[in-house]
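Keep in mind the model is a prediction, meaning the values are calculated, not measured. Just so you know, these numbers use all the heavy atoms, side chains as well, and skip hydrogens, waters and symmetry mates.
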Amino acid sequence: MVRDVWPYLAAGLALTLLLALTVSAPAAAAAALVTAAVASFFRDPRRRIPQDPALILSPADGRVVKIAPGREGAPDAGRCVSIFLSVFNVHVNRSPARGTISSIRYTPGSFLPAFRDKASDLNEQNLLVLDTERGVLQVKQIAGLIARRIRCYKRAGEPVGQGEKIGFITFGSRVDLMVPAEAELRVTVGDRVKGGTSIIAVYGGIPPVRSADSVEEGRRA
């Protein structure tokens, strides 16, 4: 689990104990179930990460809800792949490629439901610009109706590995990935993807990496 879980877990356990002592066992059991559900939301499973500069990996778990032309600051270049994360998805965000984070820009905003198109423009968000050997990628963390906290684990100027954890968004949210025009998309609207393992796009139409070229998280050389 990610470290953000501890305040929620402590509060849930305290409430469960209080209900057990002052109200009833059924009430305490209900609180315990809610606490377990919240703890499950903060899960952080290990992933087997492909290591190939030709691949652009998914930055998040969820469902592709929109693919549209344009990228931040350049409407005619590339495509924006929007991924909606429900409360049932893993909410750890990952780098789609290896490179250096050239800039990070936080923008306060609204808290519209993350599956709505306007959420990409109006909601609270954090934009990370990633310089890679194949070009520039952009990942936008977007808060949703319930999500009121965006965490970014990185700073501008820091290197980042392919599939490395870069942040976390509390509860339902959205992540937009700006893909360069020269990369071939491997997803369509409605596809379900996993952060750090699913291939969003491939440069130059190169076939997906072999499984032998993947590295299990925590065991990289």
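- Minimum interatomic distance between G62 and N89 (heavy atoms only, all atoms of both residues): CA-OD1, 3.7 Å.
- When side chains are defined from C-beta on, R47 counts as touching V90, because their heavy atoms get closer than 4.5 Å.
- At distances below 3.5 Å, at least one donor-acceptor pair connects side-chain atoms of D52 with backbone N or O atoms of A54.
- Residues G196 and P50 come closest through the heavy atom pair O-CD, 3.3 Å.
- Remark: S103 pairs with V129 by the side chain to side chain contact (heavy atoms under 4.5 Å, CB included) rule, at least two apart or across chains.
- The two atoms that bring I101 and K154 nearest to each other are CD1-CB, 3.3 Å, heavy atoms only.
- Contact of the N126 side chain with the T107 side chain is not registered, since no non-hydrogen atoms from C-beta on lie closer than 4.5 Å.
- For the residue pair A156 and I104, the shortest heavy atom distance occurs at N-CD1, 3.7 Å.
- For the side chain to side chain contact (heavy atoms under 4.5 Å, CB included) test, residues two or more places apart in sequence or in another chain that qualify with P53 are E133.
- Salt-bridge formation is not detected for the pair K66/D176: no Lys NZ or Arg NE/NH1/NH2 atom is positioned less than 4.0 Å from an Asp or Glu carboxylate oxygen.
- Considering only heavy atoms from C-beta on, N93 stays 4.5 Å or farther from V139 through its side chain.
- In the model, Y203 has no side-chain atom that pairs as donor or acceptor with a side-chain atom of E184 under 3.5 Å.
- With a 4.5 Å cut-off on side-chain heavy atoms, L127 and M178 count as touching.
- Here the side chain of D61 pairs a donor or acceptor atom with the backbone of G195 at under 3.5 angstrom.
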(request) Test I67 against S82 for side-chain contact (heavy atoms from CB on, under 4.5 Å), laying out the working first. (result) CA-CA 6 Å; I67 298 176; S82 297; over 6 Å; no
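- By the side chain to side chain contact (heavy atoms under 4.5 Å, CB included) test, S58 pairs with I83, V193, S198, I200, sequence neighbours left out.
- No donor-acceptor pair under 3.5 Å is formed between the side chain of R98 and the backbone N or O of E164.
- With sequence neighbours excluded, the residues satisfying side chain to side chain contact (heavy atoms under 4.5 Å, CB included) with T22 are L18.
- Using a 4.5 Å cut-off between side-chain heavy atoms of Ile, Leu, Val, Met, Phe, Trp and Tyr, with links allowed through other members, V81 and V189 fall into the same hydrophobic cluster.
- T188 is linked by a side-chain hydrogen bond (donor to acceptor under 3.5 Å, both in side chains) to D191, counting only residues two or more places apart in sequence or in another chain.
- In this structure, S95 OG and L137 CG are separated by 7.5 Å, a value rounded to the nearest 0.5 Å.
- Interatomic distance, CZ of R94 versus OH of Y153, reported as 10.0 Å (0.5 Å rounding).
- Note: the hydrophobic cluster containing L130 does not contain Y106 (ILVMFWY, side chain heavy atoms under 4.5 Å, direct or indirect links).
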(message) Could you go through T100 and E158, starting from their C-alpha distance and side-chain angles, then the distance that decides it, and tell me whether this counts as side-chain contact (heavy atoms from CB on, under 4.5 Å)?
(response) CA-CA 6 Å; T100 300; E158 288 188 341; over 6 Å; no
(message) What verdict does the side-chain contact (heavy atoms from CB on, under 4.5 Å) test give for I56 and V179, after you've listed the backbone C-alpha separation in whole Å, the side-chain angles of each residue and the deciding distance to 0.1 Å?
(response) CA-CA 8 Å; I56 300 175; V179 179; 4.0 Å; yes
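- In this structure, the side chains of V202 and R186 come closer than 4.5 Å at one or more pairs of heavy atoms.
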(request) Might you work through the side-chain contact (heavy atoms from CB on, under 4.5 Å) test for V92 and I166, ending with a clear yes or no? (result) CA-CA 8 Å; V92 174; I166 57 174; over 6 Å; no
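- Residue I150 holds its CD1 atom at 12.0 Å from CZ of F168, rounded to the nearest 0.5 Å.
- The local environment of NZ in K194 is sparse, with at most 12 non-hydrogen atoms from other residues, nucleotides or ligands closer than 6.0 Å.
- Checking each of K140, Q141, R174 against Q125 for a side-chain hydrogen bond (donor to acceptor under 3.5 Å, both in side chains) leaves exactly one that passes, namely K140.
- R63 and G190 make their closest contact through CG-O, 3.8 Å (heavy atoms, listed as atom of the first residue, atom of the second, distance).
- Using a 4.5 Å heavy-atom threshold, the side chains of L57 and T197 count as separate.
- The shortest side-chain heavy-atom distance between L177 and P96 falls under the 4.5 Å cut-off.
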